[in-house]
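Source: prediction; values computed, not measured.
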Amino acid sequence: MNIKRIAAAISCSLMTVVAHAAVLPATQTDSQWFKDSAANVVAKAQVDTKKTAKNVILFVGDGMSISTLTAARILQGQDKADNQGGEENFLSFEQFPHTALVKTYNTNQQTPDSAGTMTAMATGVKTKAGIISISDTSLRGNCLSSKGNELVSLVDLANAKGLSTGIVTTARLTHATPAATYAKTPERDWEGDFNLPAEAVANGCTDIASQLVMRDEANSLTVALGGGRSYFLPTTVKDGENKAGKRKDGKDLTKAWVDNFSKSAYVWDKKGFDAIDAANTDHLLGLFNPSHMEYEADRADDVGGEPSLTEMTAKSLDILKKNDKGYLLIVESGRIDHGHHAGNASRALTDAVELSNAVKAAMDATSSDDTLIMVTADHSHVFTIAGYPKRGNPILGLVHNVDGTLATANDNKPYTTLAYTNGPGAVVGVRDDLTSVDTQDKDFMQQALIPMESETHAGEDISLHARGPGANLVQGVIEQNVIFHIINQAQQLGGTKY
């Protein structure tokens, strides 16, 4: 984008405003708020969006509600040396030129789960909660009913076109959101063979970990990075952290990965990850934790060492970009969701900020001329930003009024800006007095209204942000399965005509 042309356009725009609306005083047109907003509109008017994308990167913040974006934006801004309070900050993708709201319901639930929501994005078809890339004519947890109802995913289409494909997540690679991109199963909990009931075995269903590894090379993943190591190792094998695997079939799927694919590698720790030479690696499997990877706030304390979401994204792109035909990369920040379920906003927001960092790394490594980058969530959470805190009030802190005094509720006790409608932070009876509590500690659990063991998802819309070829299709309020079609059309993956 030509900076001089934009500057001239802004100047012209301001002069036009003054000429045709002389009532606007200099205190208005000279305001930095006024100038910045004019620049924003002019910049968007200069965007020339191409229709066809060579590459697509889809980022999914699991559970990243709009309130999560707002709070993470403020948290990141308040951590900056030059912050003005935090509210004026933008996460990397919040300045993408195209945005839409996305409806998230499953076919059988008003408030959804991740299996049904990611299936919608990955296949273009909404389905039931708990079902992964299987149509909703199937019964959840019934293998026989799923036969013949399997859906083709974006990964399947991209591989068929000769593109490279990658999945990155901070959750288990076998967890619902990443699994929906490559696996087909009527039950999201069938992550390992030890999870399969007799009916599933009798009718030929296989576990999700096996489906990731045991694919034909032509339809295999180029990169798969995340957690869930124990689901790929047999009970007779201990990993690098001296933890035994969970597989009862005796299969070591990490070895199968290396044996099945050419120029392949398996890594389990940060040292092995850093040592990978992208130029000489065509298939990379990384499993950095027996279960989910650590929260970003705790990653430095991991025994084996884990790469960050940003580092995994960058390494994946180094491998994927070797394919002249292009690639499809799906990146999930899976533990935003887990932080919210635990009623722990600090960890959820820190992971959301790290997602923003990963998107920035992808932006720096690609061109908006040939790469469509989309950032969204699968669903929201019952996470709120409330009270009337003064500008710059620590987003994880107690509410302070504009005059600096501590705000109190009707029980004469202070309260935090952030809270949950339900979850483990609820107290039955008298509410705790937070006056002397460090609410900014990463272990602090926000107070909640309704006591529940785990905070729940919410049913409102989430946001979708896009830049690059095809991004102009991201507009209005859309069904979640439209995301599949935007990618399919932009990358011309086939399977349907537009």
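The environment of Gln32 atom CD is dense: over 12 non-hydrogen atoms of other residues, nucleotides or ligands sit within 6.0 angstrom. Remark: Lys360 NZ is loosely packed, at most 12 non-hydrogen atoms of other residues, nucleotides or ligands lying under 6.0 Å away. For Lys413, the NZ atom is densely surrounded, since the number of other residues' heavy atoms within 6.0 Å is greater than 12. Counted within 6.0 Å of CG on Asp403, heavy atoms from surrounding residues, nucleotides or ligands total more than 12; the atom is thus considered enclosed. Heavy atoms from other residues, nucleotides or ligands lying under 6.0 Å from NZ of Lys322 number more than 12.
Side-chain atoms of Asp136 and Thr127 include no donor-acceptor pair closer than 3.5 Å. There is a side-chain donor-acceptor pair under 3.5 Å between Thr68 and Ser65. For the residue pair Ser114 and His379, a side-chain donor N or O sits within less than 3.5 Å of a side-chain acceptor on the partner. Thr405 and Asn401 are linked by a side-chain donor-acceptor pair at a separation below 3.5 angstrom, with hydrogens and angles left out of the test. Side-chain N/O atoms of Thr104 and Gln480 include no donor and acceptor closer than 3.5 Å. When only modelled atom types and interatomic distance are considered, Thr222 and Thr165 share no side-chain donor-acceptor pair under 3.5 Å. A donor-acceptor pair shorter than 3.5 Å can be found between the side chains of Gln76 and Asn89. Donor-acceptor pairing under 3.5 Å is recorded for the side chains of Ser463 and His465.
For the atom pair CG of Asn481 and NZ of Lys103, the computed distance is 9.5 Å after rounding to the nearest 0.5 Å. Expressed to the nearest 0.5 Å, how far CD1 of Ile74 lies from CG of Asp79 amounts to 12.0 Å. Rounding to the nearest 0.5 angstrom, the gap separating the CG atom in Leu287 from the CD atom in Glu306 is 11.0 Å. Note that CG of Leu225 and OG1 of Thr313 are 9.0 Å apart. Values are rounded to the nearest 0.5 Å.
Between Ser333 and Val60, every side-chain heavy-atom pair lies at or beyond the 4.5 Å cut-off. Using a 4.5 Å heavy-atom cutoff, the side chains of Thr417 and Asn393 are in contact. Thr366 places a side-chain heavy atom less than 4.5 Å from the side chain of Ile57. By the 4.5 Å heavy-atom criterion applied to side chains, Leu328 and Asn55 are not counted as neighbours. A heavy-atom distance below 4.5 Å is not found between the side chains of Gln475 and His98. Residues Tyr266 and Arg229 are in side-chain contact: their nearest non-hydrogen atoms beyond the backbone lie under 4.5 Å apart.
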Begin from the C-alpha positions of Thr111 and Thr456 and carry the test side chain to side chain contact (heavy atoms under 4.5 Å, CB included) through to its verdict.
-> CA-CA 9 Å; Thr111 296; Thr456 71; 5.9 Å; no

Take Asp62 and Arg335 through the salt bridge (Lys or Arg N to Asp or Glu O under 4.0 Å) test and state the conclusion after the steps.
-> CA-CA 7 Å; Asp62 197 317; Arg335 306 224 63 193; over 6 Å; no

Determine, step by step, whether Glu88 and Arg73 satisfy the salt bridge (Lys or Arg N to Asp or Glu O under 4.0 Å) criterion, reporting the C-alpha distance in whole Å, the side-chain angles of both residues, the deciding distance to 0.1 Å, and the verdict.
-> CA-CA 8 Å; Glu88 74 290 338; Arg73 170 201 311 154; over 6 Å; no

May I have the step-by-step check of side chain to side chain donor-acceptor pair (under 3.5 Å) for Thr435 and Asp433, ending in yes or no?
-> CA-CA 6 Å; Thr435 304; Asp433 188 341; 2.5 Å; yes

Determine, step by step, whether Thr416 and Leu396 satisfy the side chain to side chain contact (heavy atoms under 4.5 Å, CB included) criterion, reporting the C-alpha distance in whole Å, the side-chain angles of both residues, the deciding distance to 0.1 Å, and the verdict.
-> CA-CA 7 Å; Thr416 56; Leu396 292 170; over 6 Å; no

Going through the checks in order, is the side chain to side chain contact (heavy atoms under 4.5 Å, CB included) test met by Leu212 and Thr174?
-> CA-CA 8 Å; Leu212 187 151; Thr174 52; 5.7 Å; no

Candidate pair Asp274 and Lys315, rule salt bridge (Lys or Arg N to Asp or Glu O under 4.0 Å), full reasoning = CA-CA 9 Å; Asp274 290 341; Lys315 180 80 76 174; 5.5 Å; no

Could you go through the side chain to side chain donor-acceptor pair (under 3.5 Å) check for Glu354 and Asn357 one step at a time?
-> CA-CA 5 Å; Glu354 175 57 17; Asn357 296 337; 3.2 Å; yes

Test Glu294 against Arg299 for salt bridge (Lys or Arg N to Asp or Glu O under 4.0 Å), laying out the working first.
-> CA-CA 5 Å; Glu294 300 291 344; Arg299 186 169 58 83; over 6 Å; no

Verdict with supporting geometry, Asp370 and Ser367, side chain to side chain donor-acceptor pair (under 3.5 Å) | CA-CA 6 Å; Asp370 66 1; Ser367 169; 4.5 Å; no

Full working for side chain to side chain contact (heavy atoms under 4.5 Å, CB included) between Val56 and Ile487 | CA-CA 7 Å; Val56 171; Ile487 295 173; 3.9 Å; yes

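A search for salt bridge (Lys or Arg N to Asp or Glu O under 4.0 Å) contacts involving Asp269 returns nothing, not counting sequence neighbours.
Annotation: cation-pi pair Lys126/Tyr105 present, NZ/CZ under 6.0 Å from the ring centroid and within 45° of its normal. Note that Lys270 lies outside the cation-pi zone of Phe288, set by a 6.0 Å cut-off to the ring centre and a 45° limit from the axis.
Scanning both residues, Ser380 and Gly459, for their nearest heavy atoms gives OG-N, 4.0 Å. Taking each heavy atom of Val303 and Glu241 in turn, the nearest pair found is CB-OE1, 3.7 Å. Closest of all the heavy-atom pairs between Leu418 and Ile385 is CD2-CG1, 3.7 Å. Across all their heavy atoms, Ser230 and Pro290 have their closest contact at OG-O, 2.9 Å. The shortest non-hydrogen separation linking Gly286 to Leu173 is O-CD1, 4.0 Å.
A donor-acceptor distance shorter than 3.5 angstrom exists from the side chain of Gln78 to the backbone of Ile395, with no hydrogens or angles considered. Here the side chain of Thr371 pairs no donor or acceptor atom with the backbone of Ser368 at under 3.5 angstrom. Listed for the Asn108 side chain is a donor-acceptor partner under 3.5 Å among the backbone atoms of Ala129. Remark: the backbone N or O of Lys184 is paired with a side-chain donor or acceptor of Gln211 at under 3.5 angstrom. A distance-only check finds no donor-acceptor pair linking the side chain of Thr170 to the backbone of Met293 [under 3.5 Å]. His292 places a side-chain N or O within donor-acceptor distance of the main-chain N or O of Arg172, the cut-off being under 3.5 Å. Looking at Arg347, its side chain does come within 3.5 Å of a backbone N or O of Lys442 through a donor-acceptor pair. Within the 3.5 Å criterion, the main-chain N or O of Arg188 finds no donor-acceptor partner in the side chain of Thr185. A side-chain donor-acceptor contact under 3.5 Å links Asp113 to the backbone of Ala115. Side-chain atoms of Asp378 never come within 3.5 Å of backbone atoms of Thr117 as a donor-acceptor pair (strictly under, hydrogens ignored).
Aromatic ring pairs are classed by plane angle as parallel below 30°, tilted from 30° to 60° and perpendicular above 60°; the pair His340 and Phe383 is tilted.
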